[in-house]
Amino acid sequence: MHMKTSSGLKWKLGLFIVVGLVLLVFGLFFIGKQKNLFVSVFPIKAVFNNVSGLKIGNNVRFGGIAVGTVDGIQLLNDTSVQVNMNIKSEVRRFIKQDASVSIGSDGLVGDRVLLISPGTMSREPVKDNEILVSHTPVETEQIMAGLKTSADNAAVITQQLAEVAYKVNHGHGIIARLLGDSSMGNNLNATMVNLKKGSAGLSENMEAAKHNFLLKGYFKKKKKEEDKKKKELEDQKKAAEEKKKEDSEKKQSGKETSEK
């Protein structure tokens with residue numbers, strides 16, 4: 001009885017070890033596949049002012065597809081951070097030398113990822129350890145600061161509009177009087193009518209002045225000056241046309257002489 005119990009325990013222990021080894025191998029293969037441990041890769045780099053929480057092991061994407069991982073992050077100086085990437089060799093031909101790299105997020109609240117934007121198709125593919133152009137990411141703090149400024153401005157404008165509406169509704173200011181007082185509107189209308197009549201009267205007075213005996217000489221002299229200027233312009237225009245005609249005739253005459 002004791003022998004059978006010991007044999008059963010050994011069989012179960014052996015089965016547990018085998019299952020554990022299978023799971024371990026499968027896990028290593030899955031992790032290795034995700035981190036490109038079992039595929040051919042090549043290194044490229046990018047330099048950023050701020051990596052915005054990017055970590056080693058984060059994905060690198062090209063056209064929305066995971067093509068590599070972040071292999072290293074090192075501080076070059078107080079304003080530059082170098083990011084090393086391992087990219088699958090099979091996609092090297094699609095990543096051109098003028099391609100660019102930016103930092104994005106995997107979803108709204110997901111991990112940071114590197115995004116490679118395509119370059120010019122006619123350019124050569126990237127070489128090992130080549131440094132690509134990078135774009136500084138927009139920080140969440142900057143977005144929130146901009147939204148706060150916009151919200152503060154909107155609050156100020158809303159308060160001012162409320163104050164204006166209150167004054168209008170309670171009869172304060174010229175706008176409120178225009179809206180609520182019909183007599184003021186009538187007065188403004190009468191003023192406009194008077195202005196039109198005044199303009200018409202001024203025109204009539206000017207016309208009468210032209211026929212006045214005392215002012216007739218002044219307007220006659222002014223008309224002569226205008227006519228003189230008009231005649232001078234016409235003479236200049238006529239002289240220019242005649243000169244143009246003479247030049248054309250000389251040119252035609254010279255052409256006929258050369259042909260003979």
Side-chain angles (χ1 to χ4, degrees), residues 15-154:
L15 180 62
F16 177 78
I17 292 173
V18 171
V19 173
L21 288 174
V22 170
L23 293 175
L24 178 63
V25 171
F26 179 78
L28 290 174
F29 178 77
F30 179 78
I31 295 173
K33 185 177 180 181
Q34 292 293 318
K35 302 303 178 183
N36 298 316
L37 297 178
F38 303 125
V39 295
S40 176
V41 296
F42 69 95
I44 55 175
K45 303 175 182 179
V47 177
F48 297 90
N49 294 331
N50 187 343
V51 294
S52 302
L54 190 71
K55 298 177 182 178
I56 295 176
N58 287 159
N59 286 327
V60 180
R61 291 183 178 177
F62 180 81
I65 301 173
V67 296
T69 55
V70 176
D71 184 55
I73 300 174
Q74 63 182 103
L75 191 65
L76 298 181
N77 51 52
D78 57 346
T79 58
S80 300
V81 181
Q82 179 175 293
V83 178
N84 302 327
M85 297 165 275
N86 281 335
I87 308 298
K88 295 178 182 179
S89 298
E90 62 190 48
V91 299
R92 183 200 291 266
R93 58 195 177 99
F94 301 113
I95 304 175
K96 307 300 181 180
Q97 292 178 347
D98 61 341
S100 59
V101 185
S102 60
I103 298 176
S105 297
D106 191 5
L108 294 176
V109 292
D111 292 335
R112 289 293 194 178
V113 295
L114 284 181
L115 306 173
I116 300 178
S117 300
T120 308
M121 291 183 61
S122 59
R123 296 290 296 273
E124 293 292 325
V126 291
K127 299 177 181 178
D128 288 359
N129 293 311
E130 188 158 352
I131 299 177
L132 299 183
V133 176
S134 62
H135 299 292
T136 302
V138 179
E139 296 296 328
T140 306
E141 291 78 7
Q142 296 175 350
I143 297 174
M144 295 303 295
L147 291 175
K148 185 178 183 303
T149 302
S150 300
D152 292 341
N153 292 337

> Looking at CZ of Phe94 and CD1 of Ile87, how far apart are the two atoms once the value is rounded to the nearest 0.5 Å?
14.0 Å
> Ile103 vs Leu115, test: side chain to side chain contact (heavy atoms under 4.5 Å, CB included). Steps then yes/no.
CA-CA 6 Å; Ile103 298 176; Leu115 306 173; over 6 Å; no
> Any salt bridge between Asp128 and Lys45, counting N to O under 4.0 Å?
no
> In chain order, what residues pass the side chain to side chain contact (heavy atoms under 4.5 Å, CB included) check against Val70, with sequence neighbours excluded?
Leu54, Asn58, Val60, Ile73, Val83, Leu114
> Mind checking whether Val81 and Asn50 have side chains closer than 4.5 Å, heavy atoms only?
no
> Taking only residues two or more places apart in sequence or in another chain, which ones pass side chain to side chain contact (heavy atoms under 4.5 Å, CB included) with Asn153?
Thr149
> Just so I know, are the side chains of Asn129 and Ile44 near enough to count as touching, which here means a heavy-atom distance under 4.5 Å?
no
> How would you list, by chain and number, every residue that makes a side chain to side chain donor-acceptor pair (under 3.5 Å) with Arg61, sequence neighbours excluded?
Asp106
> What pairs meet the salt bridge (Lys or Arg N to Asp or Glu O under 4.0 Å) rule with one or both residues in residues 65-76, with sequence neighbours excluded?
none
> Taking the side chain as every heavy atom from C-beta outward, state whether Phe62 and Pro118 have any atom pair closer than 4.5 Å.
yes
> A side-chain contact here means heavy atoms from C-beta on lying under 4.5 Å apart; do Ile56 and Thr69 qualify?
no
> Quick one: pull up CZ in Phe42 and OG in Ser89 and give me the separation to the nearest 0.5 Å.
6.5 Å
> Checking Asp78 now: which residues fulfil salt bridge (Lys or Arg N to Asp or Glu O under 4.0 Å) with it, not counting sequence neighbours?
none
> Is any side-chain heavy atom of Arg112 less than 4.5 Å from a side-chain heavy atom of Ser105?
yes
> Could you give the side-chain donor-acceptor pairs of residues 95-102 under 3.5 Å, partners two or more places apart or in another chain?
from, atom 1, to, atom 2, distance (Å)
Lys96, NZ, Arg93, O, 2.9
Asp98, OD1, Thr120, N, 2.9
Asp98, OD2, Thr120, N, 3.1
Asp98, OD2, Thr120, OG1, 2.6
Ser100, OG, His135, NE2, 3.3

